[in-house]
Structure formats: structure tokens, C-alpha cells
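Beneath this line is the structure, given in C-alpha cells, with notes to follow.
This is a predicted model, so every value here is computed, not measured.
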Amino acid sequence: MDLQSELLKSIWYAFTSLDVEQSGKVSKSQLKVLSHNLYTALNIPHDPVALEEHFKDNNNGPVSNQGYMPYLNKYILAKATEGTFSKETFDELCWTLTSKKNCKPSIQQGLCSQKDCFKLFCLFNLLSEDRYPLVIIQPELEYLLKKISSAMSLEWDGTLLEELLSQNVTLEDGMSVWEFLEHLSAGQLLHVESKEAFSLAVDDVFMEMYHNIIKKGYLLKKGHVRRNWQERWFVLKPSSVTYYVNEDLKEKKGEILLEESSVVENLPDKEGRRCLFCVKTPVRTYEMSASNVKQRVDWVQAMQTALRLRAEGKSSLHQELKLSRRKQRETLQRSQSNQSSHSEPIAVEAPQHSAPEKQGETESLEQHIESIIQKQREVEAKRKEEEKQEREKQQAIQRDLERQLEEAKEAKEKMTATFTAMEKEVQQQKKRIHELELTQVKLEEALNAQIHDRLEEDRIRQELERQLAEEQKKLAELLLHQSQLETLAVRSQEDSSTTTPHISQQTEESSQHSTEEVPVHESTSTATPPNIQQPEESGQHNTERELLNQSTTTQMLKHWKIQLNRLMKPITPGDKVEHLPVKPTCPRQGQALTSTEFIAKVQTGISPEKGNGYNPSPTQEEEEQGS
């Protein structure tokens, strides 16, 4: 069936929907609106003057279907070009116009939704007879119902259709689209378990028959640039093979244009891939991999069918199947008519022939009828066998799919359990890592504190070693000074021991001299005793001073030994030693004294405390005595 005949079926529904009075005529204003919509849907430049010029001699009333057809063929259908418009959009326009008038509310309230009704309307027009009013005969209706049942993975039961035809004899000549939708939505043609499954089945059959999809499914395709294998959703049509990212058809990845020179071939297994085949075009070669051998055989046969249709110039596989079924019916009808025509002459000429000739003709006729019946039986048996094989094939596929579904469910459950365990383990590991991080921070803090304490201990130890060295140096100087003081003390004792006899001798001489000269020198005797007592007092004073210095020195020595013993105390790790207290009299607060400062401190510390004016340097009298 050509494009104009297909378009005319939908236009016929739109035209009859405008005939409200069912008189077979439509007003020119309504035809203008319809024509404008048809121009828009078919993507044809609109010509508003053509309609007026065509009907300028017929202004008395509405235009009939016969009067509108010349204009429709000349200005609309003749300009329509396949591929320049969307046929689905065009059919949807006509469906919208006719469904408002003819589609009953009970249809959409039943099994069929609004979208399902539109898709079934398109399928009905595809399989309907080429006569008006449009009807679908019983063989084509059975074919459509079987396709829908097969899409639902169910076996079609023809008892419902037989019961419906037995109840309504008028439906045997054909069924209109509104009767078809009404009985199907009421569940009088199919056993349907759920509306969702029915909608999916109708959509699959619609995509296959209306959009001329020969086959669709997932295949692995080898890339042209990166040469890697990617899973793609392939859609095979008579003129092309289109592949998408997935089956929602939203992201198209490429298209293979099939030409007369294109070839489909099987390939040997390679690169770890099995069930390989390729499509060779003049542009490039496309390599693909099926899931199993059966899928590869199906795809190769489907692509060869598409190439055959392309070579024969046919655009639809189901149109070809429809024509072949129609030819078979016509052949069967001609054979039946021939049988009836042969039986009539035999009945007329029977009296004229003799009994043997009549018997021979009767036998030949019976043999001919028997052969026809036998052939019919063979065809029927073959058809039943094919249906049985197809049913077994579908059942095997269904069982395989159910098994794969169960395996997928089990794998999903295992994967979910594995993911749950892994997630739990990940949470535990995260918790453990967090604890380890906290422990690491604490250990780093403790290590930093220990390093700080160790550095502080080293600094204190170095400070103590420095102080100890200074104190040892001071002790050495102190011992040296003590030895000097002892030497001075011994020397002063020796000097005092030598001075005392000399003084006593002078005293005796002076006493004798005074007794002799008492009468003569009275004033002199009175002044002599102070002079005699002065050296003795000075010697005692020097002795006491030396003894006091010695005792003071001894006390200072003990004091420094005590401090030295404190400094010699062992230093334990982490021990924080406080600084030694410094007397306020020390010239340097918190610092060590040099040897000269220490001597000056001792000298200035002894004299003020005793008030005796001690000076370590020799006195003038000692210098005089030494001289």
C-alpha cells in the first residue's frame, strides 16, 4: 500500500467526523480548517486560495466527499513526501478529530487508556481492508490479537473471538475500529491479567508494526576510534540500524545506513569475544557481539531481511506480510470458486454421458477435491506445528528469562548483603581510623611535651654544669684564699710572739729607769704607763682580729661546702631544679661571682659586722715592725 492510501484512511476518519448530520457532506469552512491542519501536519506550504478556486462553482451548500477528493489528491496528497513529516503526528491529528465524536467514554474506562486507543487505531488502519467504510476482517484481527498476546508472553485463546462472532453474526464481514476498541476494552477479545502489561504489549506491537521496527535489543559494539567494546541498544529498520545508550532512546550514539551493497557476515571468536558478526557498508565495517549463538542467528537473519526489503524497494515488513496473507486468502477463494464452478458443469452434463464416463469424472473430481483438502490439512497442520514450536520457543524463552530473573534477584540479594557488610566494615574502619588519628594526635602531643621536657632538662643540665664549673672555680679560689689567710694568721702569730718579749724587756728597763728617776722626773713617770701599755694592747687586738677572721673564713668555707654538696646532687630525668636563692647583699642578683668580687665581699662582710675596721692589707704598724 502506497503512502497516499495510508494517509487517506486517516483523512477519511477526520472527514466523517465533521459530517455531524451524517449526510455525506461537510461545509466549506470546516474543510478550510481541516485542509489547513493537514497542510501543517504534512509540512506542505499552505495555499488558502486553491480551495476557493476549486469550489467557486459550488457555493450553494456543503461539499461532499466526492467533491473534496479531487482537491485533496491534487493539492495535498500529491505534495506529501515520505520522510519530510511525522506520520504519527498526522495520525494523531486525525484521531483527535474523530475520537471526540465516536470514541465512547466506556472504552477509556475499561482496559484501554487514551494512548492505547490511539495506538490500536493506528494498528487497525494498518491491517484494515482497502475499502470504505474501513473494517478489519477476522484473519487480520486474529493476527493482531496474537501479536499482543505474544508480547504479553501469553498464549492467545481464540474461544473469546468465536463466542463474540457467534453472538453477533454481523461482525463476520468485518469489524469497525470503534467496535474493535469497545469489545477489546471490555475484555471480550483477550484475557488480560493487568492493564500495565497490556499497555506495554500494545506499545511493543505499535513500535514493531507501525514504526517498521524489525528487531531491537542489546548488543556489544566495537568502537571505531578507541576500539573498545560498549553495550548499546540497537533498533533495526528496513533502511537503517540505529543504536542508543539504553532502551529509553533518549541519547542516540549513531546510525548504520543499509544500502544495496551492504553485507552481513559472521565472524570468528577473537579478543575474548564470542558470537561475533559484522555489517559491511561502503563507508566502514561495524563489528558486533551477541549474548549467545541464537541471538546472533536472529540478528543476522533480521538484518538480511532488512537488506532484502531495501533491495526490493519496500519500506515495511508488515505491509509485505499483510499483502502475502491477502494473496493467500485470494488464492484460497479462487480455488474454492473453481471447485464450485467445476461441480456445476458436471451436474448439467451428467445425463448426456454414459455411466462409465460419469463415474470417471466423479472419481477425478473427488480426487481433485481430496487433494485440495489434503493440501489444506497439510497447511493447517504445518501452521499448527509452527504455532506449537513458536509457543514452545516462547515458553522456553520465558522460562529462561524467569531463571535469569531469579538468578539476578539472588545475585542482587548477595550483592546487597555484600555491600551492607562492606559498608559496615567501612564504618568500622572509619571509626578505627578516627580513633587512630586521635591516638596519633595524643601521641604527638605527648612526644612534643617529652621533647620539650628533654630540651628543658638539657638546658637545665647545661646551666647546672656551668654553675658547677663556676662554683668549682670559686671553691678553688676560696681554698687558695683560705691558705693565704692561714699563712697570714701563722705569720701574724709569729709576729706577735716576737713582739711580746721585746715589749716586756722594754717595760722592765723603763720601770728601772723610772724608779731611779722618780724624784727627779715626776712628770715623765706619769706619762710613761700609757706608752708602755699601747704595744701590748695592739698585739692582743691583732691576735683577736686574726682569730675572728679565721673563724669567719671557716664559716664561709662550710657555707660554700654545703652549697657545693647541693650542686653535686644527681639530676633525675624530668627533675626541675629551682635556682639557688641569692642573698640581697650579692652584687649580682642570680649570677655567679668572680674571684675578685668574692674576695671583696668577704672583706667588706667581715669588717662592718664586727666593727673592727679590718683590712686584709698590712697595717702601718706591721710595716714599721717588719722594717
Side-chain angles (χ1 to χ4, degrees), residues 6 41 43 82-93 95-96 112-123 125-126 144 147-148 150-153 194-226 228-259 262 264 277-279 281 283-284 286-291 295-296 298-303 305-307 309-310 315-319 397 401 404-405 408:
E6 293 180 7
N43 197 16
E82 187 174 3
T84 60
F85 65 95
S86 174
K87 188 174 183 301
E88 184 176 354
T89 304
F90 175 80
D91 288 338
E92 189 174 3
L93 169 65
W95 162 257
T96 304
C112 302
S113 63
Q114 179 70 19
K115 292 183 178 179
D116 296 338
C117 290
F118 166 68
K119 295 174 182 177
L120 291 170
F121 167 79
C122 296
L123 295 174
N125 292 339
L126 180 65
L144 178 58
K147 293 290 290 185
I148 297 175
S150 177
M152 291 190 294
S153 300
S194 65
K195 294 180 64 175
E196 290 78 9
F198 175 75
S199 297
L200 292 175
V202 170
D203 184 68
D204 289 341
V205 176
F206 176 76
M207 294 296 294
E208 177 184 351
M209 298 180 65
Y210 184 82
H211 288 284
N212 299 320
I213 295 177
I214 300 175
K215 189 173 179 58
K216 57 183 177 180
Y218 280 107
L219 290 173
L220 290 175
K221 175 185 169 296
K222 190 174 183 179
H224 180 62
V225 179
R226 298 179 60 185
N228 59 342
W229 293 88
Q230 294 288 339
E231 189 178 46
R232 297 288 183 251
W233 177 262
F234 282 80
V235 177
L236 174 62
K237 294 184 178 182
S239 60
S240 65
V241 182
T242 310
Y243 50 95
Y244 304 84
V245 174
N246 46 38
E247 54 188 310
D248 59 4
L249 308 181
K250 291 183 179 179
E251 187 176 354
K252 180 180 177 181
K253 299 300 293 184
E255 186 177 13
I256 305 173
L257 296 177
L258 300 178
E259 301 180 4
S262 301
V264 182
F277 66 97
C278 68
V279 179
T281 64
V283 180
R284 54 173 285 199
Y286 299 86
E287 296 184 15
M288 285 159 280
S289 173
S291 59
Q295 287 291 329
R296 180 176 68 176
D298 293 343
W299 273 102
V300 171
Q301 291 179 354
M303 288 186 179
T305 302
L307 293 175
L309 293 174
R310 177 71 175 176
S315 60
S316 175
L317 174 63
H318 292 279
Q319 286 289 349
I397 294 173
L401 291 175
Q404 293 180 3
L405 181 61

Pairwise side-chain contact, Lys216 with Glu247, heavy-atom cut-off 4.5 Å (strictly under): no
Residue pair Lys119 / Val202: nearest heavy atoms and the distance that separates them: CB-CG1, 3.9 Å
Plane angle bin for Phe118 and Phe206 - parallel if under 30°, tilted between 30 and 60°, otherwise perpendicular: tilted
Candidate pair Leu257 and Thr281, rule side chain to side chain contact (heavy atoms under 4.5 Å, CB included), full reasoning: CA-CA 8 Å; Leu257 296 177; Thr281 64; over 6 Å; no
Validation row: Glu255, Lys237 side chains within 4.5 angstrom (heavy atoms): no
Pairwise distance CZ(Phe234) to CD1(Ile213) - rounded to 0.5 angstrom: 14.5 Å
Tyr218 and Trp233 aromatic ring geometry - parallel, tilted or perpendicular at 30°/60° bounds: perpendicular
Derivation of the side chain to side chain contact (heavy atoms under 4.5 Å, CB included) call for Ile148 and Leu120: CA-CA 10 Å; Ile148 297 175; Leu120 291 170; 4.1 Å; yes
Heavy-atom closest contact (Pro238 atom, Asn212 atom, distance): CD-O, 3.2 Å
Closest heavy-atom pair and its distance - Met209, Leu123: CB-CD2, 3.9 Å
Side chain proximity check, Met303 to Phe277, heavy atoms < 4.5 angstrom: yes
Closest non-hydrogen atom pair, Thr242 against Lys252: CG2-CE, 3.5 Å
Flag side-chain contact, heavy atom, 4.5 Å: Val241 against Val279: no
Side-chain heavy-atom pair Asn125, Asp91 within 4.5 angstrom cut-off: no
Ring geometry between Phe121 and Trp95 (parallel below 30°, tilted from 30 to 60°, perpendicular above 60°): tilted
Distance in Å, Lys221 NZ paired with Asn228 CG, rounded so as to fall on 0.5 Å steps: 9.0 Å
Side-chain donor/acceptor of Asn43 to backbone N/O of Thr84, under 3.5 Å: yes
Over 12 non-hydrogen atoms of neighbours within 6.0 angstrom of NZ in Lys115: no
For the student: nearest non-hydrogen atoms of Arg284 and Lys222, plus distance: NH2-O, 4.3 Å
Gap between atom CG of Leu258 and atom CG of Leu236 - 0.5 Å precision: 6.5 Å
Heavy-atom check, side chain of Leu144 versus side chain of Leu126, under 4.5 Å: no
Contacts of Lys253 that satisfy side-chain contact (heavy atoms from CB on, under 4.5 Å) - sequence neighbours left out: Arg232, Tyr243, Val245, Glu251
Pairwise side-chain contact, Phe198 with Met152, heavy-atom cut-off 4.5 Å (strictly under): yes
From CD1 (Ile214) to CD (Gln301), nearest 0.5 Å: 12.5 Å
Euclidean distance, Asp204 CG relative to Ser199 OG, rounded to 0.5 Å: 11.0 Å
Lys195 side, atom NZ; Cys112 side, atom SG - distance, nearest 0.5 Å: 8.5 Å
